[in-house]
Amino acid sequence: DTVTIPYNETFDNYTTPSTGCVKVTNKNGDAYTWITSNSYSQSSPNSIYIPHNSSGAMDDWFFTPALSLKRDTAYLVDFYYRGGGAPAVEKLEVKWGSSQTYQGMTLGTIWTNSIIQNITYQEGSGTITPSSTGIYYIGWHGFSASNMSFISVDDIHIDIASVTWNGNDFTDDWNDPLNWSPNKVPTLYQTVIIPIVNTDNHWYPAIYNTGMACKQLTLNSGVTLNVYGGAEVTIKGNLTIQSGATLTNDGTIILKGNLI
């Protein structure tokens with residue numbers, strides 16, 4: 001079945017070791033491949049996991065279901081990963097393509113790490129931009145050398161990468177999807193840009209609610225953002241305030257990155 005964006009996969013709805021609608025390919029044909037496990041999850045109870053082979057290199061893939069993506073739209077691919085720790089060194093890459101096979105992963109590498117030794121989960125992410133509207137697949141490829149440890153992946157999220165304020169609903173409400181392009185209230189997965197708008201018939205944004213969030217936030221020169229008393233916004237990454245921009249904060253801003 002084709003799934004629409006946003007796509008979330010936590011592996012928590014499967015009975016281990018089933019991978020459900022996530023397709024697995026054991027390219028090297030050994031006895032070890034991707035399975036769901038409740039031993040190494042980030043979000044309880046499950047993750048997808050592959051153990052090591054003491055006598056052969058890892059060469060195993062798992063793939064998303066069919067994703068319906070739009071032309072010239074940037075999408076964020078976000079996930080968490082860990083290994084079994086030093087001295088083992090794990091290798092993992094993420095690619096994308098037009099078929100749910102390793103041969104079809106021809107559109108490029110989204111993310112790669114050949115020195116995975118972390119035993120706590122770390123975030124991995126990258127962006128893709130299809131040149132045409134259609135069906136696409138994303139694949140995770142474990143390719144560690146023989147006799148290493150294991151790789152575990154959890155909490156995959158694929159969504160629109162960025163949104164831009166346009167004020168087209170003729171209000172200042174951040175929590176109104178019609179004020180954004182595309183029409184989506186930002187979450188922790190979107191980079192947010194507030195550009196200059198025509199203030200004769202549009203408004204600059206204001207945050208009135210709790211629970212508002214974004215991945216990064218940029219206020220372009222000449223714009224304003226008001227965070228009213230009792231409101232709250234979490235910024236997962238950096239807040240960039242260009243010269244001439246104004247941020248008025250009477251609420252709570254939780255900034256997890258840097259102020260630039």
Side-chain angles (χ1 to χ4, degrees), residues 1-25 34-50 60-70 73-82 92-100 105 107 110-111 113 120-130 133-142 151-163 175 177 180 182-192 209-216 233-237 254 256:
D1 293 339
T2 301
V3 299
T4 56
I5 299 303
Y7 169 75
N8 291 288
E9 181 57 83
T10 64
F11 307 100
D12 296 334
N13 294 323
Y14 307 138
T15 300
T16 60
S18 170
T19 58
C21 61
V22 174
K23 180 183 176 182
V24 169
T25 298
W34 293 99
I35 59 172
T36 55
S37 167
N38 56 18
S39 297
Y40 301 105
S41 64
Q42 172 171 259
S43 61
S44 182
N46 297 338
S47 66
I48 194 166
Y49 151 90
I50 182 168
D60 297 79
W61 292 79
F62 72 87
F63 304 94
T64 64
L67 303 172
S68 179
L69 305 181
K70 295 180 180 180
T73 299
Y75 295 91
L76 174 73
V77 179
D78 191 88
F79 63 98
Y80 288 83
Y81 67 95
R82 61 159 290 185
L92 181 68
E93 62 183 357
V94 185
K95 296 189 174 186
W96 68 303
S98 56
S99 71
Q100 201 181 34
M105 297 287 103
L107 294 177
I110 301 170
W111 177 94
N113 188 339
T120 57
Y121 273 95
Q122 293 184 7
E123 186 176 19
S125 66
T127 58
I128 59 175
T129 305
T133 298
I135 300 300
Y136 297 89
Y137 302 86
I138 297 171
W140 280 255
H141 178 214
I151 304 174
S152 187
V153 174
D154 206 356
D155 297 331
I156 296 169
H157 186 89
I158 302 169
D159 205 348
I160 291 168
S162 65
V163 293
N175 200 33
W180 298 96
N183 295 152
K184 177 182 178 66
V185 175
T187 71
L188 286 174
Y189 298 99
Q190 278 79 52
T191 293
V192 168
N209 308 92
T210 60
M212 300 298 98
C214 60
K215 184 178 178 70
Q216 313 271 359
V233 59
T234 298
I235 304 170
K236 187 177 181 180
I254 301 172
K256 297 187 175 182

Can you tell me if Lys215 uses its side chain to pair, donor with acceptor, with the backbone of Thr187 under 3.5 Å?
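No; zero donor-acceptor contacts below 3.5 Å.
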Are any side-chain N or O atoms of Ser47 and backbone N or O atoms of Tyr49, one a donor and one an acceptor, separated by less than 3.5 Å?
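No, Ser47 side chain to Tyr49 backbone: no donor-acceptor pair under 3.5 Å.
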Does the ring center of Trp111 lie less than 6.0 Å from the ring center of Tyr81?
yes
Taking all heavy atoms of Phe63 and all of Gly139, pick out the closest pair and write down the distance.
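Phe63 and Gly139 have their closest heavy atoms at CD2-CA, 3.7 Å.
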Of the non-hydrogen atoms in Pro186 and Val163, which two are nearest, and what is the gap between them?
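That would be CG-CG2, 3.6 Å.
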Any residue meeting side chain to side chain donor-acceptor pair (under 3.5 Å) with [X], in chain and number order, not counting sequence neighbours:
X      : answer
Tyr121 : Ser152
Asp155 : Gln42, Ser43
Asp12  : Thr10
Lys70  : none

Asn183 atom CG: more than 12 heavy-atom contacts under 6.0 Å
yes
Could you work out, with side-chain contact (heavy atoms from CB on, under 4.5 Å) as the rule, every residue matching [X], not counting sequence neighbours?
X      : value
Asn209 : Asp173, Asn175, Met212
Thr64  : Tyr7, Leu67, Tyr137, Ile138, Trp140, Ile158
Pro17  : Ile35
Thr127 : Leu76, Ala161

Can you confirm whether [X] sits close enough to [Y] that some side-chain heavy atom of one is under 4.5 Å from a side-chain heavy atom of the other?
X      : Y      : answer
Ile48  : Val22  : yes
Phe11  : Thr19  : no
Gln190 : Lys236 : no
Thr2   : Ile135 : yes
Thr16  : Asn46  : yes
Cys214 : Leu188 : no
Ile235 : Gln216 : no
Trp34  : Val153 : yes

Quick one, Ile156 with Asp78, criterion side chain to side chain contact (heavy atoms under 4.5 Å, CB included). Give me CA distance, side-chain angles, the key distance, then yes/no.
CA-CA 6 Å; Ile156 296 169; Asp78 191 88; over 6 Å; no
As a quick check of understanding, evaluate side chain to side chain contact (heavy atoms under 4.5 Å, CB included) for Arg82 and Tyr40, giving each step before the final call.
CA-CA 9 Å; Arg82 61 159 290 185; Tyr40 301 105; 3.8 Å; yes
State the [atom1]-[atom2] distance between [X] and [Y], to the nearest 0.5 angstrom.
X      : Y      : atom1 : atom2 : value
Ile50  : Asp60  : CD1   : CG    : 3.5 Å
Thr191 : Ile160 : OG1   : CD1   : 12.5 Å
Ile110 : Glu93  : CD1   : CD    : 10.5 Å

Check the pair Ile5 / Leu69 against side chain to side chain contact (heavy atoms under 4.5 Å, CB included), numbers first and verdict last.
CA-CA 8 Å; Ile5 299 303; Leu69 305 181; 3.6 Å; yes
Counterpart residues, salt bridge (Lys or Arg N to Asp or Glu O under 4.0 Å), relative to Asp159 (two or more places apart):
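For Asp159 the salt bridge (Lys or Arg N to Asp or Glu O under 4.0 Å) partners, ignoring immediate neighbours, are Lys184.
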Please identify each residue that fulfils ring-ring contact (aromatic ring centres under 6.0 Å, His included) with [X], with sequence neighbours left out.
X      : value
Tyr189 : His157
His141 : Trp61, Phe143
Tyr136 : Trp96

Go through the steps for Tyr14 and Glu9 under the test side chain to side chain contact (heavy atoms under 4.5 Å, CB included), then give the verdict.
CA-CA 11 Å; Tyr14 307 138; Glu9 181 57 83; 2.8 Å; yes
